[in-house]
Amino acid sequence: MFSVRGRTGHLAWYRTDEAGAEVAFLHGFSDSAQCWEPLIGAMPGIRALAIDARGHGESGLPQEPVSYTAHRDDAALVLSSQPANGGVVVVGHSMGAMAAAYLAAARPDLVRAVVLEDPPTGPPAADQVAPTGELAVDQEAPGGDQDLLAGDEQDGPMLMPGWLAELRGLDVAARMARGRAGDPDWPEDELEPWAVSKAQVNPQLFELPYRDPVPLTNLLAEITCPVLLIHGDTDRGGLISTEYAERCARAAAGEFQAAHIAGAGHSVRRDKRPQYVVELASFLDRHS
């Protein structure tokens with residue numbers, strides 16, 4: 001699927017062809033750029049770029065605090081080195097969605113429009129209290145286990161989530177079996193890249209200080225390009241409720257659209273790929 005591979009600084013990236021990408025993909029915690037290939041394969045003709053986040057996939061890990069500001073700057077570094085005219089549409093999932101929001105807020109020259117697939121909410125804004133069940137976490141485990149990439153402020157390092165440590169102790173086939181059991185509705189082609197990516201997470205990531213994100217609603221108030229928020233159901237592990245999506249709409253400075261895909265959890269594109277592709281393709285037709 002990816003025919004061009006390269007590095008910019010410590011970051012590994014992948015493109016579908018030699019031409020400049022129209023859409024850039026940022027993955028979630030413990031995933032990798034390769035985890036976007038099944039979706040990209042379901043969208044023929046898309047010119048795509050995907051980036052391995054620091055400490056993930058084949059990217060390096062600078063010895064500095066882990067933060068969404070760092071993820072933002074990493075994405076900006078890669079996009080600034082790529083051929084593009086008028087910016088790209090940035091699609092992010094979970095951790096990658098929050099990084100995409102940071103990027104769109106700070107670098108409108110690089111981002112034409114942004115798609116946020118079930119991002120963490122960050123801590124409540126100063127005038128808000130998070131409703132029960134609405135957690136500022138980023139989750140990538142089968143069955144909806146949660147990690148520690150967002151939440152309360154932390155001065156020390158993150159802890160490796162127990163589910164990730166357990167998966168890393170298995171071989172790829174056993175990880176795939178675990179994923180298949182935890183998420184039986186995922187298409188089969190999602191399982192191998194998901195399973196491979198777990199062993200690629202750099203364990204030193206959990207030795208570095210972590211910096212908490214700002215509230216998602218604060219970022220939306222700074223984003224002037226079009227935004228598509230795609231979310232599922234909180235009772236299936238999704239992070240964004242319909243009520244919170246409405247709050248995002250009120251906070252957004254620019255064009256904002258929320259797409260609720262019923263029956264999906266945190267990994268919306270994996271749980272309900274056909275519905276996700278419809279929403280994404282329609283948005284790209286308008287903005288890419």
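- Contact check on Asp189 versus Arg273 returns a salt bridge, with a Lys/Arg side-chain nitrogen under 4.0 Å from an Asp/Glu carboxylate oxygen.
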- Check step by step if side-chain hydrogen bond (donor to acceptor under 3.5 Å, both in side chains) holds for Tyr14 and Glu37. CA-CA 10 Å; Tyr14 313 83; Glu37 282 199 310; over 6 Å; no
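- Counting heavy atoms from C-beta outward, His231 and Thr242 have side chains that approach closer than 4.5 Å.
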- Item | Derivation of the ring-ring contact (aromatic ring centres under 6.0 Å, His included) call for His93 and His27 | CA-CA 5 Å; His93 172 229; His27 64 79; 9.4 Å; no
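- Looking only at side-chain heavy atoms (C-beta outward), Leu228 and Leu116 stay at 4.5 Å or farther from each other.
- Separating the CD atom in Glu117 from the CG atom in Leu39 is a distance of 8.0 Å, to the nearest 0.5 Å.
- Proximity of a side-chain donor or acceptor of Arg54 to a complementary backbone N or O of Leu61 within less than 3.5 Å is not detected.
- In this structure a side-chain-to-backbone donor-acceptor pair under 3.5 Å is present from Arg15 to Glu18.
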- Item | Audit row: His287, Phe283, side chain to side chain contact (heavy atoms under 4.5 Å, CB included) steps and yes/no | CA-CA 6 Å; His287 299 296; Phe283 188 77; 3.4 Å; yes
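- No donor-acceptor pair closer than 3.5 Å links the side chain of Asp233 to the backbone N or O of Asp235.
- Phe29 and Leu219 fall within a single hydrophobic cluster, where Ile, Leu, Val, Met, Phe, Trp and Tyr side chains are chained together by heavy-atom contacts under 4.5 Å.
- No side-chain donor from either of Arg168 and Gln200 sits under 3.5 Å from a side-chain acceptor of the other.
- Between the side chains of His266 and Asp271, no donor-acceptor pair of N or O atoms lies under 3.5 Å.
- For the pair Trp36/Leu26, no side-chain contact is recorded, criterion being any heavy-atom separation below 4.5 Å from C-beta on.
- Using a cut-off of 4.0 Å between Lys/Arg side-chain N and Asp/Glu carboxylate O, Glu188 and Arg180 are scored as salt-bridged.
- For Asp31 and Arg270, the salt-bridge test passes: some basic side-chain N is under 4.0 Å from an acidic carboxylate O.
- Of the inter-residue distances, the one linking His71 atom NE2 with Leu11 atom CG reads 10.5 Å to the nearest 0.5 angstrom.
- Across all non-hydrogen atoms, the minimal contact from Ser30 to His56 is N-NE2, 3.1 Å.
- Atom-to-atom distance recorded for Leu229:CG and Gln257:CD is 9.5 Å, nearest 0.5 angstrom.
- Glu22 places none of its side-chain heavy atoms less than 4.5 Å from the side chain of Val88.
- With contacts defined as side-chain heavy-atom distances shorter than 4.5 Å, the pair Arg269/Val277 does not qualify.
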- Any chance you could lay out the side chain to side chain contact (heavy atoms under 4.5 Å, CB included) test for Leu216 and Tyr102, step after step, and finish with the verdict? CA-CA 9 Å; Leu216 177 61; Tyr102 266 76; over 6 Å; no
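- Between the side chain of Arg175 and the main chain of Leu167, a donor-acceptor pair closer than 3.5 Å is present.
- Judged by distance alone, the side chain of Ser197 and the main-chain N or O of Trp194 form a donor-acceptor pair under 3.5 Å.
- For the pair Arg178 and Trp163, the NZ or CZ position fails the cation-pi test of under 6.0 Å to the six-membered ring centre and within 45 degrees of the ring normal.
- Here the side chain of Arg7 pairs a donor or acceptor atom with the backbone of Glu58 at under 3.5 angstrom.
- In this structure, Glu192 places its CD atom where only 12 or fewer heavy-atom neighbours from other residues, nucleotides or ligands lie under 6.0 Å away.
- No path of Ile, Leu, Val, Met, Phe, Trp and Tyr side chains, each step under 4.5 Å between heavy atoms, connects Val111 with Leu284, placing them in separate hydrophobic clusters.
- For Pro120 against Tyr68, the heavy-atom pair with the smallest separation is CG-OH, 3.8 Å.
- Nearest heavy atoms, Ala113 versus Cys225: CA-SG, 3.8 Å.
- Put simply, the side chain of Gln63 reaches to within 4.5 Å of the side chain of Gln204, judged on heavy atoms.
- Hydrophobic clustering of Ile, Leu, Val, Met, Phe, Trp and Tyr side chains at less than 4.5 Å, counting indirect connections, keeps Phe25 apart from Val114.
- Proximity of a side-chain donor or acceptor of Ser59 to a complementary backbone N or O of Gly55 within less than 3.5 Å is not detected.
- Between the CG atom of Leu220 and the CZ atom of Arg247 there is a distance of 12.0 Å, given to the nearest 0.5 Å.
- In plain terms, the two heavy atoms of Asp118 and Gly265 that are nearest each other are OD2-O, 4.4 Å.
- Across all their heavy atoms, Glu207 and Pro157 have their closest contact at C-CB, 3.5 Å.
- No donor-acceptor pair closer than 3.5 Å links the side chain of Ser32 to the backbone N or O of Asp52.
- In summary, the side chains of Thr8 and Ser81 do present a donor paired with an acceptor at a separation below 3.5 Å, with no hydrogens or angles considered.
- Between Leu191 and Trp186, some side-chain heavy-atom pair lies under the 4.5 Å cut-off.
- When hydrophobic clusters are built by joining Ile, Leu, Val, Met, Phe, Trp and Tyr residues whose side-chain heavy atoms come closer than 4.5 Å, directly or via intermediates, Ile230 is not grouped with Met95.
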- Stepwise, does the side chain to side chain contact (heavy atoms under 4.5 Å, CB included) test hold for Val196 with Val172? CA-CA 6 Å; Val196 170; Val172 170; 4.3 Å; yes
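- Put simply, Val227 and Tyr276 are part of two different groups of oily side chains (I, L, V, M, F, W, Y) that touch within less than 4.5 Å, one to the next.
- Put simply, the side chain of Ser3 gets close to the backbone of Thr16: a donor and an acceptor are under 3.5 Å apart.
- Using a 4.5 Å heavy-atom cutoff, the side chains of Tyr210 and Leu208 are not in contact.
- Leu103 and Leu79 make their closest contact through CD2-CD1, 3.7 Å (heavy atoms, listed as atom of the first residue, atom of the second, distance).
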- Task: For the pair Asp74 and His10, evaluate side chain to side chain contact (heavy atoms under 4.5 Å, CB included) and give the outcome as yes or no after the intermediate values.
- Result: CA-CA 9 Å; Asp74 285 348; His10 58 281; 3.0 Å; yes
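- Rounding to the nearest 0.5 Å places CG of Leu239 at 9.5 Å from OG1 of Thr234.
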